[in-house]
Amino acid sequence: MTTFQSNPGNGGPSSNGTQAQGNEGQDGFGHRVDRIGSDAQQLWDDARGAVTDLQDTLDLKGRVDRNPYLMVAAAVGVGYVLGGGLFTRTTGRLLRLGMRLAALPMVKDELIGMAEAALRGVETGARMAGTGNAGGSDRPQGSQV
């Protein structure tokens, strides 16, 4: 094993202060590392505070206490989406079924509206036919009994 002696011209200690400049560089590096560490700690504290604020805003514990089945269903839905189930045939079928079920009340309202309009038309036609008969009977005018 070979050991080398430091010479003043090879970066060793010298009287002109080159070693002092190297220590200042190391001090600058250490200062930067400390500053990065404190910045990282500040970032960690900010992230932790944001998570706490989000927990307070969402109030997950309170929601689970109030609606446990709804929260289980929400967890299943989130797991389904995160598990890659969003772009599958099953999702397409479920969406089509959901659209049909969502459209049912609108279709029902339209059909009821059409039926009511038809009944009003029949009632109006019956009144019109009833007022045209002079005798007031339900028999047609040309018939004899």
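Side-chain atoms are counted along with the backbone in the values below, which use heavy atoms only and exclude waters and symmetry mates. Residues: numbered from 1 along the sequence shown.
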Please determine whether side chain to side chain contact (heavy atoms under 4.5 Å, CB included) holds for the pair R93 and L97, giving the CA-CA distance in whole Å, both sets of side-chain angles, and the decisive distance to 0.1 Å. CA-CA 6 Å; R93 290 177 187 147; L97 176 65; over 6 Å; no

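Distance check, rounded to the nearest 0.5 Å: CG of L101 to CZ of R96 gives 13.0 Å. Of the inter-residue distances, the one linking L94 atom CG with T88 atom OG1 reads 8.0 Å to the nearest 0.5 angstrom. A distance of 5.0 Å separates OG1 in T90 from OH in Y80, rounded to the nearest 0.5 Å. To the nearest 0.5 Å, atoms CG (D34) and NE2 (H31) are separated by 7.5 Å. Between atom CD of residue E110 and atom CD1 of residue I112 there is a gap of 10.5 Å, rounded to the nearest 0.5 Å.
The shortest side-chain heavy-atom distance between Q42 and D46 falls under the 4.5 Å cut-off. Contact of the L60 side chain with the M71 side chain is registered, since non-hydrogen atoms from C-beta on lie closer than 4.5 Å. You'll find the side chain of D39 reaches within 4.5 Å of the side chain of R35, heavy atoms only.
Residues L86 and V81 share a closest heavy-atom pair of CD1-CG2, 4.3 Å.
Residues Y69 and V76 do not share a hydrophobic cluster, clusters being chains of Ile/Leu/Val/Met/Phe/Trp/Tyr side chains in contact below 4.5 Å.
A donor-acceptor pair is defined here as one N or O able to donate and one able to accept, closer than 3.5 Å; such a pair exists between the side chain of T124 and the backbone of R120.
The residue from V51, L58, T52 that alone fulfils the side-chain contact (heavy atoms from CB on, under 4.5 Å) condition with L54 is L58.
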